[in-house]
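Read the structure below first, then the notes.
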Amino acid sequence: MNILFTSVGRRSYLVQYFKETLGDSGEVHVANSSSVSPAFLVADKSVVTPLIYDSEYISFLLEYCKSNHIDAVISLFDIDLPILAKNKERFEEIGTTVIVSDYETIEICNDKWKTFCYLKEKGFDVPVTFISLDDAISSLHNGCVSYPVMVKPRWGMGSIAVFEAENEEELRIFYAKTKRNIQNTYLKYESAVDIEKSILIQEKLKGQEYGLDVIDDLNCNYVTTIAKMKYAMRSGETDCAVTVDKPELKRLGEKLSCVMHHRANLDVDVFVVEDKCYVLEMNARFGGGYPFSHMAGVNLPLAIVKWLNNESVEKSVLTERVNIMGQKDIQMVRLQIEPQMNIGEILDADEAERQFLYFEKFLSPTLLERGIDIKSYAQKICSHGAILSCKNGIENPMGLLGMYVNDKDAYTAYLSFLSVDPNFRGLHVGKEMMKQAEKLALENGMRNFKLEVRKSNINGIAFYKYMGYEVIEEATKDSYYMWKELKEN
């Protein structure tokens, strides 16, 4: 079984949990929009994806899942969840299960105003919340709620742009500051739905904070609730906690499961104030508090794998030991520096020959194995096309591209060569070189771009599809022609 984590970021521990569960029977793949992701270091395989809001994001993931025989996809980022929820049927068609709750459930969790309204309607205790600054100030003047109050984005996570206001002056300042901060982070995408109602003012609860892992199976059937008392927080995430046996929190978790109908984990923040359990926020995914449940003996990764295999899960797999305290540690990991890319045209045939000799060995089959005389090949492309070299800074070669731009009848450029040094794969080198090649083709009067790709090169086909190319016909019994119409930006 192969499992893919999207938006993996720094959740290396989850990668490790699933690797321990799978053992030699599968692989853990991870994906993120940046290669600067610590979890890349511990996964079996990793890939850099387009941004979540990129129109090619889902098609890229679909091609990756097909090429790598991915059985299940799990996202670790709130913004990713609704996109995957809307497209999970497309993954099912290729045999991949996306472990995500229904879109309506995700929307309630991601939108904190909808969280407040929905839970209040269902009879849960929730903190007094306002979506209008004027309504909040009026209620504060009337004594319906008192300072301090929390100012936070309606959509968001990790305590981004969250402030505590002690008086009206601070409230107005923090309200304006939060609005500015939203525009400067990824929060701007979801907040664009209604930017004038993108900020919440919420009473500050004074009590003990708890975190819940409310666990359902993959058919949304309630299984159990794990409760942890929080000792410390860091950047909006649980930093130190201890598992506790509180029946009222177990009952709350089961009640939440009945109304939320989520899949796998529902991460819930709860404040207990004078024996009342107030639900503050919910995340329909693995949350930052799950490692404390895992340390206490809960093994949700094992349960998920068993559910995917249609196997029963013993009660002990999801039963915690109480009074187990844990704290997250900080350790350094060495990452590969994302390099500077310098793309330039090679005009000298001798230099082109040297570059082709270096990069052809990364191809399968190589140019030499295909019986191509590299000196003549380099001279021909220099005479009738263009050769682009991508380097890291000034010296280190990263990629090489050769193309023809001499078809003045069909106005079609032809990609003849593209190779990226394996040390730099996953850093968008090929993407940037193709973009530069298309720009150069347009400058030379070309209207279309054509290439040939071997049928066995599944990753290559996926890459070119991501770049907007489509298969138009067989070139040989072993290869396809792919084509794209070029357009001015």
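Sequence positions, counted from 1, serve as the residue numbers for this chain.
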Checklist entry - Could you walk me through whether Tyr466 and Phe60 pass the ring pair (Phe, Tyr, Trp, His ring centres under 6.0 Å) check? => result CA-CA 6 Å; Tyr466 163 64; Phe60 181 93; 5.5 Å; yes
Checklist entry - Would one find more than 12 heavy atoms of other residues, nucleotides or ligands at under 6.0 Å from atom OH of Tyr147? => result yes
Next on the checklist: Between Glu281 and Lys112, is there a side-chain heavy-atom distance shorter than 4.5 Å?
Outcome noted: yes
Checklist entry - Can Tyr210 and Asp269 be said to form a side chain to side chain donor-acceptor pair (under 3.5 Å), step by step? => result CA-CA 6 Å; Tyr210 293 84; Asp269 291 334; over 6 Å; no
Checklist entry - Are side-chain N/O atoms of Tyr464 and Lys484 paired as donor and acceptor at under 3.5 Å? => result no
Item to check | Any Leu212 side-chain heavy atom under 4.5 Å of Leu249 side chain | outcome: yes
Next on the checklist: Could you check whether any side-chain heavy atom of Leu308 comes within less than 4.5 Å of a side-chain heavy atom of Met1, counting everything from C-beta outward?
Outcome noted: yes
Checklist entry - Less than 4.5 Å apart, any side-chain heavy atom of Lys228 and any of Asp213? => result yes
Checklist entry - Does a donor on one side chain sit under 3.5 Å from an acceptor on the other, for Glu56 and Ser59? => result yes
Checklist entry - Do the non-hydrogen side-chain atoms of Phe163 and Lys177 ever get within less than 4.5 Å of each other? => result yes
Checklist entry - Should we say atom NZ of Lys120 is surrounded by more than 12 heavy atoms from elsewhere, each under 6.0 Å from it? => result no
Item to check | Residue pairs, two or more places apart or on separate chains, that pass salt bridge (charged side-chain N to carboxylate O under 4.0 Å, His left out) and touch residues 296-306 | outcome: Lys306-Glu311
Next on the checklist: Can you give me the closest heavy-atom contact between Cys65 and Val73, atom names plus distance?
Outcome noted: SG-CG2, 3.8 Å
Checklist entry - Does a donor on one side chain sit under 3.5 Å from an acceptor on the other, for Tyr222 and Asp217? => result no
Checklist entry - How far apart are the C-alpha atoms of Ser316 and Thr319, what are their side-chain angles, what is the distance that settles it, and do they pass the side chain to side chain donor-acceptor pair (under 3.5 Å) test? => result CA-CA 5 Å; Ser316 60; Thr319 299; over 6 Å; no
Checklist entry - Is there a donor-acceptor contact under 3.5 Å linking the side chains of Glu320 and Thr243? => result no
Next on the checklist: Please tell me whether Tyr64 and His29 have a donor and an acceptor in their side chains that are separated by less than 3.5 angstrom.
Outcome noted: yes
Item to check | Residue from Val272, Val214, Val270, Thr225 passing side chain to side chain contact (heavy atoms under 4.5 Å, CB included) with Leu252 | outcome: Val270
Checklist entry - Side chains of Ile3 and Asp71: does their closest heavy-atom pair fall under 4.5 Å? => result no
Item to check | Tyr358 and Asp421 side chains, donor-acceptor separation under 3.5 Å | outcome: yes
